[in-house]
Amino acid sequence: MGIHGQATSQLAFGDNGNCVGYLLGEERQGMKIMFKMMNLARMGTALMGQANASAAYMHAITYTKNRVQGADVTQMLNPDAQGVTIVNHPDVKRMLLWMKSHLEGQRALIYFMYNQFDIIRGSASDDDKKEANALVEILTPICKAGCTDKGVEITSTAMQCYGGYGYCRDYPIVRYMSDAKILAIWEGTNGIQAMDLMMRKILMNKEQKNYVALRKRMDATVAKAKGIVDDKYLGLFNDALKELDELIEFFKGLMATGKFLNIFAHATPFLDAMYQVCIAWMHVWMLTIAQPKMQAIVGDAKGADRDKILTDNDEAAFYAGKVLSSQFYLGTELPKFGGRVKAITFNEAAAIKATPSVFTGALAE
Ligand SMILES: Cc1cc2nc3c(=O)[nH]c(=O)nc-3n(C[C@H](O)[C@H](O)[C@H](O)COP(=O)(O)OP(=O)(O)OC[C@H]3O[C@@H](n4cnc5c(N)ncnc54)[C@H](O)[C@@H]3O)c2cc1C
C-alpha cells in the first residue's frame with residue numbers, strides 16, 4: 001500500500017564486512033532500555049491512529065452533507081419527493097455516529113494517558129507518580145493496538161460514506177486507509193501489543209497493580225456519574241465492569257494452571273475487550289460533563305424548537321453531539337463487550353489444536 005510522500009528506506013549493516021556494533025547501556029539491559037524508547041513510540045502511534053482516522057471522518061462529514069442521493073426515508077413511497085443530502089439517511093447517520101463515538105472516546109483516552117505521563121515527570125508525590133506509571137503501563141498497549149485497529153475500520157467506514165467515489169484516488173480516503181494500516185503493524189504489531197498487555201502488564205504484574213489502578217479510576221468515574229448519567233447507561237457500564245473483573249479472574253485461573261497457550265490464543269480478543277470497556281469509561285466520564293452543559297443551553301426543547309437551537313447555537317450543537325455520541329457508544333457498542341467476554345471464556349481451543357499442517361492451500365514457492 002505504501003506511505004506515499006514519506007521516504008522509507010531499509011539499511012543493511014555488515015554486507016561488506018567491517019561492521020562494528022557498540023553496546024549502549026549495560027549488558028543484558030537492552031530490552032528494558034528498548035521498551036522505554038518503544039513505549040513513547042507506541043503512545044505516539046496511538047495518537048497517529050486517532051488523528052488519521054479523525055481526518056477521514058471529517059472528510060466523510062463534509063461529503064455526506066453535500067452529496068444528494070435518495071429521498072427522505074419518510075417519503076420513500078412518494079414519486080415526487082425531492083432528493084436529500086445523504087447525511088439525512090438513518091444508516092449514514094449511524095456510520096457517522098459510530099466513527100464520532102469511537103474517535104471521541106479514543107481522543108479522551110489518549111489525552112488521559114499522556115496526562116499520566118506528565119504526572120510521572122512533574123508530580124511531587126511519589127504515590128501519584130506510581131499510580132500514573134501503572135496507568136501508562138496498562139493503557140499504552142490498549143491505546144496503541146485498540147486505536148489503530150479501530151482506525152482501520154473507521155477509515156473504511158469513512159470510505160463507505162462516499163460510496164463508489166471513496167474507492168477512487170481522486171478522493172482523499174484511499175490515502176487515509178493506506179496510512180491507517182501501517183499503524184497497526186509498526187512499533188510492535190498489534191498482536192505483540194496484546195501479548196504485552198496480557199502478560200507483562202497484567203498477569204505478570206505484581207498483584208495486578210496496573211489493573212487495580214485502572215479499576216480504581218473507573219470506579220471514581222462511576223461515583224461522579226451517579227445522578228447525572230441516566231441509570232440505563234450507567235447500568236450497562238457497571239455490568240461491564242463486573243464482567244471485566246470476572247474475565248481477569250478467568251485469565252488468572254489459566255495462568256495458575258499453566259494454560260499459557262490458551263492465554264496467548266485469547267490475547268488479541270482480550271485487548272479488544274479492554275479497548276471496548278476503556279472507551280465506554282471515557283464516554284461515561286464525558287457524559288457526566290456534557291449532559292448538564294447541554295441541558296443548560298437546550299433545556300427541554302423538542303422538535304422544531306430544538307432543531308432551531310442546535311442550528312443557531314454552535315455550543316448547543318456541540319454538546320448535543322457529545323451526548324448523542326456517548327449514548328450511541330454505550331447503547332450500541334458497549335453491549336458487544338458482553339459477547340466478547342462470552343467468546344473468550346468459552347475457551348475455544350481450535351487455535352491451539354490447529355497444527356501448521358491443517359492450513360492446506362499454501363502456494364508453491
Ligand atoms: C512502511 C514501514 C516503515 C517502517 N519503519 C520502520 C522504522 O523506521 N524503524 C524500524 O525499526 N522498523 C520499521 N518498520 C518495521 C516494522 O516495525 C515491522 O514491519 C514490524 O515491527 C513487524 O515486524 P515484521 O515485519 O518483521 O513482521 P513479523 O515479525 O514477521 O510478523 C508477522 C506477523 O506474525 C506475528 N508474530 C510475529 N512474531 C510473533 C510471536 N512471537 N507471537 C505471535 N505473533 C507473532 C506478528 O504479529 C505479525 O502479525 C517499518 C515497516 C514499514 C512497513
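Both counts, for ligands and for their atoms, begin at 1 and track the order of listing. All values below come from the heavy atoms of this structure, side chains included, with hydrogens, waters and symmetry mates left out.
- Shown here, atom 17 (O) of ligand 1 is in close reach of the protein: a heavy atom of it lies under 4.0 Å off.
- Nearest protein heavy-atom neighbour of atom 48 (C) of ligand 1: Thr189 CG2, 3.9 Å.
- There is no protein heavy atom less than 4.0 angstrom from atom 13 (C) of ligand 1.
- There is a protein heavy atom closer than 4.0 angstrom to atom 3 (C) of ligand 1.
- Shortest contact from atom 50 (C) of ligand 1 to any protein heavy atom: Trp186 CE3, 4.2 Å.
- Within the 3.5 Å criterion, the main-chain N or O of Met99 finds no donor-acceptor partner in the side chain of Lys150.
- Gln116 and Asn133 share no donor-acceptor pair across their side chains, judged by distance under 3.5 Å alone.
- Ranking the protein heavy atoms by distance from atom 37 (C) of ligand 1 puts Ile192 CD1, 4.7 Å first.
- Contact annotation for atom 10 (C) of ligand 1: protein absent (non-hydrogen atoms, distance under 4.0 Å).
- Distances below 4.0 Å separate heavy atoms of Thr8 from the following atoms of ligand 1: 3 (C).
- Summarising the geometry of Arg217 relative to Leu135, their closest heavy-atom pair is NH1-CD1, 3.9 Å, with the distance given to 0.1 Å.
- Closest to atom 43 (C) of ligand 1, if we only count protein heavy atoms, is Met195 CE, 3.5 Å.
- Between the side chains of Arg94 and Thr332, no donor-acceptor pair is found at a separation under 3.5 Å.
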Evaluation steps, salt bridge (Lys or Arg N to Asp or Glu O under 4.0 Å), between Glu137 and Lys209: CA-CA 10 Å; Glu137 287 273 299; Lys209 282 188 178 150; over 6 Å; no
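- The aromatic rings of Tyr171 and Tyr162 stand perpendicular to each other, their planes meeting at an angle above 60°, with 30° marking the opposite boundary.
- Ranking the protein heavy atoms by distance from atom 20 (C) of ligand 1 puts Ile185 O, 3.7 Å first.
- Ile182 CD1, 4.2 Å is the protein heavy atom nearest to atom 51 (C) of ligand 1.
- Minimum interatomic distance between Val92 and Val87 (heavy atoms only, all atoms of both residues): CG1-CA, 4.1 Å.
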_Applying ring pair (Phe, Tyr, Trp, His ring centres under 6.0 Å) to Tyr233 and His283, what does each step give before you reach the verdict?_
CA-CA 10 Å; Tyr233 297 111; His283 277 297; over 10 Å; no
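- In this structure, atom 53 (C) of ligand 1 has a protein heavy-atom contact shorter than 4.0 Å.
- Contact annotation for atom 46 (C) of ligand 1: protein present (non-hydrogen atoms, distance under 4.0 Å).
- Taking NE2 of His102 as the start and CD of Gln276 as the end, the distance is 8.0 Å to the nearest 0.5 Å.
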